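No experiment lies behind these values; they were computed from the predicted model shown.
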Amino acid sequence: MKILQIINAKRALSNYLDAKMPPVVAYKIMKLVRVAESEEAFYQKELQKLIEQYGKRNDDGSFVTTEDGNILLSKDTLTECRQKVEELEELDVDAPNIHFTLDELSCVSMTVRDMSAISVFI
């Protein structure tokens, strides 16, 4: 499983953390979210390293940011940075042994986007 798949599944399931549901489904969601949180922490740490490496800096060493607060990337290394981010997103991780049936998920109303994000666990 790719790291981005488990992160996207966690983000989708996070929409239902406060929803009332049968204990079996709640337990599966809790387990999946916990596993995904550690993978997401690793992903964020590695992404931060890439920002440190490829972020454009001012003369004083601080990052150059856009009006909305995003860090600009150096134009001369933009392609290389994108490649590194894609490699990070495609990183293989161990898939947790958690699966849902459609019947189990019938207790929550999901969007198509959420269903797509967790489809690898159905």
Can you find a heavy atom in the side chain of Ile6 that is under 4.5 Å from one in the side chain of Pro96? yes
Output for pair (Leu32 CG, Asn97 CG), nearest 0.5 Å, gives 11.5 Å
Is there a side-chain contact (heavy atoms from CB on, under 4.5 Å) between Gln44 and Ile7 once you walk through the steps? CA-CA 11 Å; Gln44 291 297 332; Ile7 291 170; over 6 Å; no
To the nearest 0.5 Å, atom CD of Gln53 lies from atom CD of Glu80 at 6.5 Å
Spell out, yes or no, whether Met110 and Val112 are grouped together once hydrophobic residues are joined by side-chain heavy atoms under 4.5 Å, including indirect joins. no
Identify whether Met115 and Val33 are in the same connected component of the hydrophobic contact network (ILVMFWY, side-chain heavy atoms under 4.5 Å). yes
By side-chain hydrogen bond (donor to acceptor under 3.5 Å, both in side chains) - contacts of Lys84 (at least two apart): none
Might you confirm whether atom CG of Asp76 has over 12 heavy atoms from other residues, nucleotides or ligands at distances under 6.0 Å? yes
Partners of Arg57 by side-chain hydrogen bond (donor to acceptor under 3.5 Å, both in side chains), sequence neighbours excluded? Glu52
Does Thr101 reach the main-chain N or O of Glu104 with its side chain, forming a donor-acceptor pair under 3.5 Å? yes
Ile122 reachable from Val120 in the ILVMFWY side-chain graph, under 4.5 Å edges: yes
Can any side-chain N or O of Tyr54 pair as donor or acceptor with the backbone N or O of Lys49 at less than 3.5 Å? no
Check against side-chain contact (heavy atoms from CB on, under 4.5 Å), Glu90 and Ile3: CA-CA 6 Å; Glu90 291 294 314; Ile3 196 168; over 6 Å; no
Got a list of side-chain donor-acceptor pairs under 3.5 Å for residues 59-66, not counting sequence neighbours?
residue : atom : partner : partner atom : Å
Asp60   : OD1  : Ser62   : N            : 2.9
Asp60   : OD1  : Ser62   : OG           : 2.7
Ser62   : OG   : Asn58   : ND2          : 3.1
Thr66   : OG1  : Asp68   : OD1          : 2.3
Thr66   : OG1  : Asn70   : N            : 3.1
Thr66   : OG1  : Asn70   : O            : 3.4

Does Leu91 reach the side chain of Tyr43, with side-chain heavy atoms less than 4.5 Å apart? no
Hydrophobic side-chain clustering at under 4.5 Å (ILVMFWY, transitive links): who's grouped with Met30? Put none if nobody. Tyr27
Rounded at 0.5 Å granularity, tell me how far CD in Gln83 sits from CG in Leu78. 12.0 Å
Pair Glu37 + Lys10: basic N to acidic O under 4.0 Å: no
Asn8: what forms a side-chain hydrogen bond (donor to acceptor under 3.5 Å, both in side chains) with it, not counting sequence neighbours? none
Hey, could you give me the OG/CD distance between Ser14 and Glu40, rounded to the nearest 0.5 Å? 8.0 Å
Are Arg82 and Leu73 close enough that some pair of their side-chain heavy atoms sits under 4.5 Å apart? no
Check: Ile29 and Phe100 side chains under 4.5 Å, non-hydrogen atoms: yes
Between Asp114 and Thr111, a side-chain donor and acceptor under 3.5 Å: yes
If I compare all heavy atoms of Cys107 with all of Pro22, which pair ends up nearest, and what's the gap? SG-CD, 3.5 Å
To the closest 0.5 Å, what do you measure between CD (Gln48) and CG (Leu50)? 9.5 Å
Side-chain contact test, heavy atoms from C-beta onward, threshold under 4.5 Å: evaluate it for Val35 versus Asp94 and give yes or no. no
Under 3.5 Å donor-acceptor, Lys28 side chain and His99 backbone: yes
Using side-chain hydrogen bond (donor to acceptor under 3.5 Å, both in side chains) as the criterion, list what pairs up with Lys2, not counting sequence neighbours. Asp92
Flag, side chain of Ser119 to backbone of Ser116, donor-acceptor distance under 3.5 Å: yes
Would you kindly confirm whether Leu102 and Tyr16 end up in one hydrophobic cluster when ILVMFWY residues are joined by side chain heavy atoms under 4.5 Å apart? yes
